[in-house]
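The next block holds one structure in the form of structure tokens; read it before the comments.
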Amino acid sequence: QVQLIESGGGLVQAGASLRLSCAASVRTFSTYSMAWFPQAPGRERGFVAAISWSGSSTNYADSVKGRFTISRDNAKNTVYLQMNSLKPEDTAVYYCAARNELYSGRYSATYDYWGQGTQVTVSS
């Protein structure tokens, strides 16, 4: 069983930055690929970023390329999402997800473990 705990959300103005963290309680964290999925009220859970087991491979939604960066520290069992130049449309609950595969994907249905989410609110 993998437990994921997100942190770092908050209320910021447009143009500001936030860094989300997701700490995983699993001994073999380096064998999991990780991703972040936002869900805005009344909308389906989307995709923003994913990262492979080593961090050497990443992929992003077009809407966040150049603004968001996903990274991981396997020694700390933690994955991060650096969010810059935030926009009001980035407002959502951001969920961290893990799957026991070396390479990541964009589809939420392929992830087995989820955190409780952290709220990001961007005001205009």
Side-chain angles (χ1 to χ4, degrees):
Q1 188 69 17
V2 178
Q3 184 177 12
L4 303 173
I5 301 176
E6 301 100 331
S7 61
L11 171 62
V12 297
Q13 290 188 332
S17 298
L18 283 174
R19 189 175 82 154
L20 306 184
S21 299
C22 173
S25 62
V26 60
R27 292 174 62 185
T28 57
F29 179 68
S30 62
T31 66
Y32 287 76
S33 58
M34 307 292 293
W36 290 93
F37 294 87
Q39 187 166 20
R43 301 186 67 178
E44 293 187 355
R45 195 166 293 184
F47 165 80
V48 289
I51 190 166
S52 65
W53 67 280
S54 66
S56 62
S57 175
T58 57
N59 61 87
Y60 297 92
D62 289 344
S63 60
V64 304
K65 283 181 180 177
R67 298 191 299 123
F68 290 10
T69 303
I70 189 171
S71 61
R72 66 189 295 160
D73 185 340
N74 286 346
K76 296 183 178 180
N77 280 19
T78 301
V79 64
Y80 305 97
L81 184 67
Q82 178 67 43
M83 309 166 70
N84 298 331
S85 302
L86 281 161
K87 303 175 180 180
E89 52 262 45
D90 295 321
T91 295
V93 176
Y94 282 72
Y95 294 91
C96 172
R99 67 183 196 179
N100 195 4
E101 297 184 29
L102 297 182
Y103 292 95
S104 60
R106 292 171 168 252
Y107 301 103
S108 60
T110 66
Y111 287 81
D112 302 306
Y113 304 99
W114 294 83
Q116 83 288 351
T118 186
Q119 177 71 48
V120 172
T121 303
V122 185
S123 63
S124 58

Set of side-chain contact (heavy atoms from CB on, under 4.5 Å) partners for [X], sequence neighbours left out:
| X | result |
| --- | --- |
| Gln3 | Ile5, Ser25 |
| Ala14 | Pro88, Val122 |
| Ser63 | Ala61 |

Over all atoms of both residues, closest heavy-atom pair of [X] and [Y]:
| X | Y | answer |
| --- | --- | --- |
| Met34 | Cys22 | CE-SG, 4.3 Å |
| Ser104 | Asn59 | OG-ND2, 3.4 Å |
| Gly117 | Glu6 | N-OE1, 2.9 Å |
| Ile70 | Tyr60 | N-OH, 2.9 Å |
| Asn77 | Val26 | ND2-O, 2.7 Å |
| Val120 | Gly9 | CG2-CA, 4.2 Å |

Reported [atom1]-to-[atom2] distance for the pair [X] and [Y], which is rounded to 0.5 angstrom:
| X | Y | atom1 | atom2 | value |
| --- | --- | --- | --- | --- |
| Glu44 | Gln39 | CD | CD | 8.5 Å |
| Leu102 | Asn100 | CG | CG | 8.0 Å |
| Tyr103 | Ser33 | OH | OG | 10.5 Å |
| Thr58 | Phe68 | OG1 | CZ | 14.0 Å |

Can you pull the ring pair (Phe, Tyr, Trp, His ring centres under 6.0 Å) pairs that have at least one residue in residues 76-102, sequence neighbours excluded?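 Pairs touching residues 76-102 that pass the test: none.
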Provide the full list of ring pair (Phe, Tyr, Trp, His ring centres under 6.0 Å) pairs with a residue in residues 25-48, sequence neighbours left out, each pair given once.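 Checked against ring pair (Phe, Tyr, Trp, His ring centres under 6.0 Å) - neighbours excluded - the pairs reaching residues 25-48 are Phe37-Phe47, Phe37-Tyr111, Phe37-Trp114.
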Is there side-chain contact between Cys96 and Val79, with at least one heavy-atom pair below 4.5 Å?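 Counting from C-beta outward, Cys96 and Val79 do come under 4.5 Å.
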Should Met83 and Val12 be counted in the same cluster of Ile, Leu, Val, Met, Phe, Trp and Tyr side chains packed under 4.5 Å apart?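 Same cluster: Met83 reaches Val12 through Ile, Leu, Val, Met, Phe, Trp or Tyr contacts under 4.5 Å.
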Would Val2 and Ile51 show up in the same hydrophobic cluster when neighbours are defined by side-chain heavy atoms closer than 4.5 Å?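 Yes, Val2 and Ile51 fall within the same hydrophobic cluster.
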Looking only at atom types and distance, does a side-chain atom of [X] sit under 3.5 Å from a main-chain N or O of [Y], one as donor and one as acceptor?
| X | Y | result |
| --- | --- | --- |
| Arg72 | Ser52 | yes |
| Arg19 | Gly8 | no |
| Thr78 | Lys76 | yes |

Residue pairs passing the salt bridge (charged side-chain N to carboxylate O under 4.0 Å, His left out) test where at least one lies in residues 77-105, sequence neighbours excluded: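 Every salt bridge (charged side-chain N to carboxylate O under 4.0 Å, His left out) pair that includes a residue of residues 77-105, provided the two are not neighbours, is Arg67-Asp90, Arg99-Glu101.
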